[in-house]
Amino acid sequence: MGELAAPAFDPANAEHIAAYDELPLWSAQAGLLLLDHIPLRATRVLDLGCGAGFPALELAERMGRGAQIVGLDPWEAALRRAHMKQHVWLVPHALLVRGDGVQIPFRDGAFQLVVSNLGINNFSDPDGVLHEVGRVLTRDGSLAFTTNREGHFAEFYEIMADVLEASADPAALERLRAHVAHRGTIASLTERLNRCGFHVDSVHERTVIMRFADGGAVFDHHFLRLGFVPAWRDVAGENADAVLNEVRRRLDARAGAMGELRLTVPLVVMIARPALAGR
């Protein structure tokens, strides 16, 4: 089952970062939805979790030199990559800073807009990050973030649930339930924002489809091997090899019957503002 193990990706290796970059086939799908809806008149903007420079540098170019865009990320090697692109693309009004979202290194009310692309379901302390966002936003500022909500890869997880149920492993089924649920729904995301002092202004949804020839292509895809397969193995537990081989076999059967595999990715951008601004 070694072929389903995650690759030896080194987040400090410059060559690996050059290959990873911002994974445009993944993050750009959500980033384009974000760019369709953010307010473009903000002049002080923070991008939380900018990684290798997306969407911070794209925001800077679209908003023009009258805006100051700050990209914040703890990932040093990715920021080096972002600095290189900033130099090549001539984007002087972007500032790329190493730092953590739970301790944003800027004063209260420093930004009119905070954005985060696919960050909230990956933050170790999302409530802590949201409280910090509220601190650095102006009273009339906005938060705009994207996430792949619950329902993501539903076709895959339906098959995995059937396999785990057949294997009579209730603990693995519970781990799968928690794994699926951690991405949240619009209702649970709204509740989290309200709890952290925000009022939701608007919600915009888009569903994209990732098409694959068969189950082998799913498990062999470099981003899925990096970002998903390790979690799938953790869910399956000590029987991971047998479970994931059976999942792949059933995906192959579905692809044979339907001519392809289609995995659904429901995306959402939510735009919110500090609740006090509405009073």
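Start at 1 with the first residue, then count along the sequence.
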Worksheet entry | Glu260 bridged to Arg211 by N-O distance under 4.0 Å | yes
Practice prompt. Check whether Val115 and Leu143 end up in the same hydrophobic cluster, where Ile, Leu, Val, Met, Phe, Trp and Tyr are linked by side-chain heavy atoms less than 4.5 Å apart.
Written response: no
Discussion item. Under the salt bridge (Lys or Arg N to Asp or Glu O under 4.0 Å) definition, can you give me all pairs with a residue in residues 187-205, not counting sequence neighbours?
Written reply: Asp127-Arg192, Asp127-Arg195, Arg149-Glu205, Glu191-Arg195, Asp201-Arg273
Worksheet item: Strictly under 6.0 Å, is that where the ring centroids of Phe228 and Phe153 end up?
Response: yes
Worksheet item: Would Arg248 and Glu246 pass as an ion pair if we require N to O under 4.0 Å?
Response: no
Worksheet item: Is there a side-chain hydrogen bond (donor to acceptor under 3.5 Å, both in side chains) between Ser27 and Asn117 once you walk through the steps?
Response: CA-CA 7 Å; Ser27 64; Asn117 189 43; 4.6 Å; no
Discussion item. Looking at Asp214 and Arg254, is any side-chain nitrogen of the basic one under 4.0 Å from a carboxylate oxygen of the acidic one?
Written reply: no
Worksheet item: Asp73 versus Arg98: any side-chain heavy-atom pair under 4.5 Å?
Response: no
Worksheet item: Which ring-ring contact (aromatic ring centres under 6.0 Å, His included) pairs, counting each pair once, include a residue from residues 108-140, with sequence neighbours left out?
Response: Phe106-Phe111
Item to complete: Could you walk me through whether His152 and Tyr157 pass the side-chain hydrogen bond (donor to acceptor under 3.5 Å, both in side chains) test, one step at a time?
Response: CA-CA 9 Å; His152 157 90; Tyr157 291 120; 4.7 Å; no
Practice prompt. Start with the C-alpha gap between Gln68 and Thr43, add the side-chain angles, then the distance that decides, and say whether side-chain hydrogen bond (donor to acceptor under 3.5 Å, both in side chains) holds.
Written response: CA-CA 6 Å; Gln68 175 72 58; Thr43 58; over 6 Å; no
Item to complete: Anything under 30° is parallel, anything over 60° is perpendicular, the rest tilted; go ahead and classify His221 against Phe212.
Response: perpendicular
Worksheet item: Just checking, any donor-acceptor pair under 3.5 angstrom between side chains of Ser167 and Asp169?
Response: no
Practice prompt. Verify the distance criterion only: is there a donor paired with an acceptor across the side chains of Gln112 and Ser142 at less than 3.5 Å?
Written response: no
Worksheet item: Members other than Leu96 in its cluster, when Ile, Leu, Val, Met, Phe, Trp, Tyr link by side-chain heavy atoms under 4.5 Å?
Response: Leu79
